[in-house]
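The shown structure was predicted, so the numbers you read here are calculated from the model rather than taken from an experiment.
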Amino acid sequence: MRIAAFSDVHGNAVAFEQVLKDMKEMSPDAIFFLGDAVMKGPQPGECLELLQGLQLDVAVKGNYDHMFTRFPKPGWTPANAKQDMVLQAFHYDLSYLSEAQQNWLGTLPEKENLLVDQTNIECFHAAWNSLVQVTYPWSAPEEMHLLHEFDQTDLILFGHVHHAFIRQANRRKVVNTGSVGLSFDGDPRASYAIIDIDDQNIAVQLRRVSYDREKVIEIARNRNMPYLEAFESGIRLATYPSFENTR
C-alpha cells in the first residue's frame with residue numbers, strides 16, 4: 001500500500017500543482033490531506049478546487065481550516081501583528097471562497113484512525129487532541145511519545161509546523177509531511193510524504209518539489225494580499241517570517 005500524505009498548502013496553488021504532478025508520478029494507492037488548505041497565501045479558491053478534485057481517502061482539518069466555522073468571535077480585536085495578519089487573511093480568503101467551500105473546510109474531522117496492511121495509523125494536523133500543539137523535529141522523545149492516542153498505533157502522520165521530518169517514538173514512527181505551500185525548514189521547495197506499507201513494514205520518502213516561487217509572489221502582489229512582505233520572506237527564505245512592520 002502506497003500512501004501520499006500532505007499538509008499546509010496555505011493558499012499556494014502554484015506549489016500545490018507541482019506537488020500533484022509529482023504525486024501522480026509516484027502512483028499512490030491512497031491520498032491523505034492533513035489540514036490547512038488555505039490562509040496566508042494568495043490562491044485559496046484555486047487550492048480548494050484542486051483539493052476537492054482529488055479522491056481523498058483521509059481529510060482532516062487544520063487550525064486555519066477550523067476558523068471558517070469558529071472565527072472571528074464577536075467583538076474580537078487583534079492583540080498583536082500576528083493576530084492582525086490572521087484576521088486580514090481570514091477576510092481576504094472570504095472574498096475568494098464560497099460559503100459551501102468554507103463549510104467544507106470548517107467541518108472536516110480533526111483526526112482519523114485507520115488500519116492499513118496490519119499497520120495502525122493516526123492522522124491529524126498538530127496532535128490527536130489539539131489543532132495547534134507544536135512538535136518540532138528537535139522536540140524531546142517524551143514529546144514525540146505523547147503524540148499518539150492509542151497504544152496500538154504504529155504510525156503517526158501530521159503537519160502544522162512546516163518542518164518535514166521522520167522520528168521514532170519508541171516503536172512508533174512519527175512522520176511530519178512538511179508544508180506544500182510555505183516551508184519553514186530552510187528548504188523553500190514544497191514538501192510532502194510517500195509512505196509504503198507492506199505487512200507492517202513501513203518505508204517513508206520525504207519528497208521535495210521545486211516550483212516557481214516568484215510566480216506565486218507576483219500573484220499575491222497583483223491581488224493586493226495582506227502582509228505581502230511576510231509572505232515573500234517565508235516563500236524565499238523558508239523560515240518563519242517576522243510580522244513586525246509588515247502591514
Checking side-chain hydrogen bond (donor to acceptor under 3.5 Å, both in side chains) between Arg2 and each of Asp29, Asp198, Asp196, which is the one that passes? Asp196
4.5 Å side-chain heavy-atom contact, Leu155 and Asn120: no
Do Leu114 and Trp128 belong to the same hydrophobic cluster, where Ile, Leu, Val, Met, Phe, Trp and Tyr are linked whenever their side-chain heavy atoms lie under 4.5 Å apart, directly or via other members? no
Could you go through the side chain to side chain contact (heavy atoms under 4.5 Å, CB included) check for Ser210 and Gln18 one step at a time? CA-CA 7 Å; Ser210 297; Gln18 294 306 310; over 6 Å; no
Test side chain to side chain donor-acceptor pair (under 3.5 Å) on Gln118 and Asp199 and set out the steps. CA-CA 6 Å; Gln118 303 181 64; Asp199 191 24; 2.9 Å; yes
Ignoring hydrogens, what is the shortest heavy-atom contact between Gly41 and Met225? Give both atom names and the distance. C-SD, 3.3 Å
Do the side chain of Asp212 and the main chain of Glu214 share a donor and acceptor less than 3.5 angstrom apart? yes
So Phe165 and Phe158, would you call those rings parallel, tilted or perpendicular, with 30° and 60° as cut-offs? perpendicular
One thing to verify: whether Lys61 and Glu112 come together as a salt bridge, which I'm taking to mean a side-chain N less than 4.0 angstrom from a carboxylate O. no
Report whether Val58 and Leu56 are members of the same hydrophobic cluster (ILVMFWY, side-chain heavy atoms less than 4.5 Å apart, transitive linking). no
Using modelled atom types and a 3.5 Å cut-off, is there a donor and acceptor pairing between side-chain atoms of Asn113 and backbone atoms of Glu122? no
Under 6.0 Å between ring centres, would you say that holds for Phe68 and Phe90? yes
Supply the atom-to-atom distance Ile197 CD1 to Ile202 CD1, rounded to the nearest 0.5 angstrom. 5.5 Å
Do the side chain of Asn12 and the main chain of Gly181 share a donor and acceptor less than 3.5 angstrom apart? yes
So do the side chains of Ile194 and Val204 get within less than 4.5 Å of each other, counting heavy atoms only? no
Under a 4.5 Å side-chain heavy-atom rule over Ile, Leu, Val, Met, Phe, Trp and Tyr, are Leu48 and Tyr192 clustered together? yes
Salt-bridged, Asp154 to Arg172, with N to O below 4.0 Å? no
Could you tell me whether a side-chain N or O of His160 sits under 3.5 Å from a main-chain N or O of Val134, the two making a donor and an acceptor? no
Gap between atom OG of Ser130 and atom CZ of Phe124 - 0.5 Å precision: 10.0 Å
Apply side chain to side chain contact (heavy atoms under 4.5 Å, CB included) to Asp8 and His125, showing your working. CA-CA 9 Å; Asp8 297 278; His125 183 65; 3.4 Å; yes
Between Tyr92 and Pro42, which heavy-atom pair has the shortest distance, and what is it? OH-O, 2.9 Å
Check Gly35 against Ser7 and note the closest heavy-atom contact, atom names and distance. O-OG, 3.3 Å
For Glu99, is the CD atom crowded, meaning more than 12 foreign heavy atoms sit under 6.0 Å from it? no
Leu105 with Val60, same ILVMFWY side-chain cluster at under 4.5 Å: no
Is there side-chain contact between Glu149 and Asn129, with heavy atoms separated by less than 4.5 Å? no
Working to the nearest 0.5 angstrom, can you tell me the gap between Ser139 OG and Asn176 CG? 10.0 Å
Please check: side-chain N/O of Asp93 versus main-chain N/O of Val38, any donor-acceptor pairing under 3.5 Å? no
Taking the side chain as every heavy atom from C-beta outward, state whether Phe184 and Pro241 have any pair of such atoms under 4.5 Å apart. yes
Which class fits the ring pair His163 and Tyr136: parallel under 30°, tilted 30 to 60°, perpendicular over 60°? perpendicular
Taking side chain as C-beta onward, heavy atoms only, is Thr77 less than 4.5 Å from Leu87? no
With the threshold set at 4.0 Å, does a side-chain nitrogen-carboxylate oxygen contact exist between Arg208 and Asp185? yes
Give a yes or no on whether the backbone of Asn103 and the side-chain of Thr69 come within a donor-acceptor separation of less than 3.5 Å. no
I need the Gln133 CD to Asn63 CG distance, nearest 0.5 Å. 12.0 Å
Mind running side chain to side chain contact (heavy atoms under 4.5 Å, CB included) on Glu17 and Glu46 for me, showing each step along the way? CA-CA 10 Å; Glu17 287 173 345; Glu46 293 94 324; over 6 Å; no
Do Met39 and Leu50 belong together in a cluster built from hydrophobic side chains that touch within less than 4.5 Å? yes
Measuring from atom CD of Gln101 to atom CG of Leu51, what distance do you get when rounded to the nearest 0.5 angstrom? 10.0 Å
Lys/Arg-Asp/Glu bridge criterion (N-O < 4.0 Å) met for Glu232, Arg236: yes
Under a 4.0 Å N-O cut-off, is there an ion pair linking Arg207 with Asp22? yes
Should Asp117 and Gln200 count as side-chain neighbours, where that means a heavy-atom distance under 4.5 Å? no
What closest approach, in Å, do Gln43 and Val14 show between heavy atoms, and which atom pair accounts for it? OE1-N, 3.2 Å
Taking the ring centre of each residue, are His162 and His10 less than 6.0 Å apart? yes
Salt-bridge test for Glu218 and Lys215: reply yes if a basic N is under 4.0 Å from a carboxylate O, no otherwise. no
Go through Ile166 and Leu206 one step at a time and tell me if the side chain to side chain contact (heavy atoms under 4.5 Å, CB included) criterion holds. CA-CA 8 Å; Ile166 305 167; Leu206 294 177; 3.9 Å; yes
Apply ring pair (Phe, Tyr, Trp, His ring centres under 6.0 Å) to residues Phe231 and Tyr227 and explain how you reach the verdict. CA-CA 6 Å; Phe231 179 71; Tyr227 281 85; over 10 Å; no
Ala164 to Ser191 - nearest heavy-atom pair and separation: CB-OG, 3.4 Å
Write down the atom of Cys47, the atom of Val9, and the distance for their closest heavy-atom approach. SG-CG1, 3.6 Å
Please confirm whether the backbone N or O of Ile219 pairs with a side-chain atom of Asn222, one donor and one acceptor, at under 3.5 Å? no
For the aromatic rings, using the six-membered ring if either is Trp, is the centroid distance between Phe71 and Trp76 under 6.0 Å? yes
Heavy-atom donor-acceptor pair, His148 side chain to Thr153 backbone, under 3.5 Å: no
So do the side chains of Val86 and Tyr64 get within less than 4.5 Å of each other, counting heavy atoms only? yes
Heavy-atom donor-acceptor pair, Arg189 side chain to Tyr211 backbone, under 3.5 Å: no
Just verifying a value: how many Å separate Trp138 CH2 and Met144 CE, rounded to the nearest 0.5 Å? 9.5 Å
Counting distance only, does the side-chain N/O of Asp57 pair as donor-acceptor with the main-chain N or O of Ile31 below 3.5 Å? yes
Indicate yes or no: at least one non-hydrogen side-chain atom of Thr177 is less than 4.5 angstrom from one of Leu34. yes
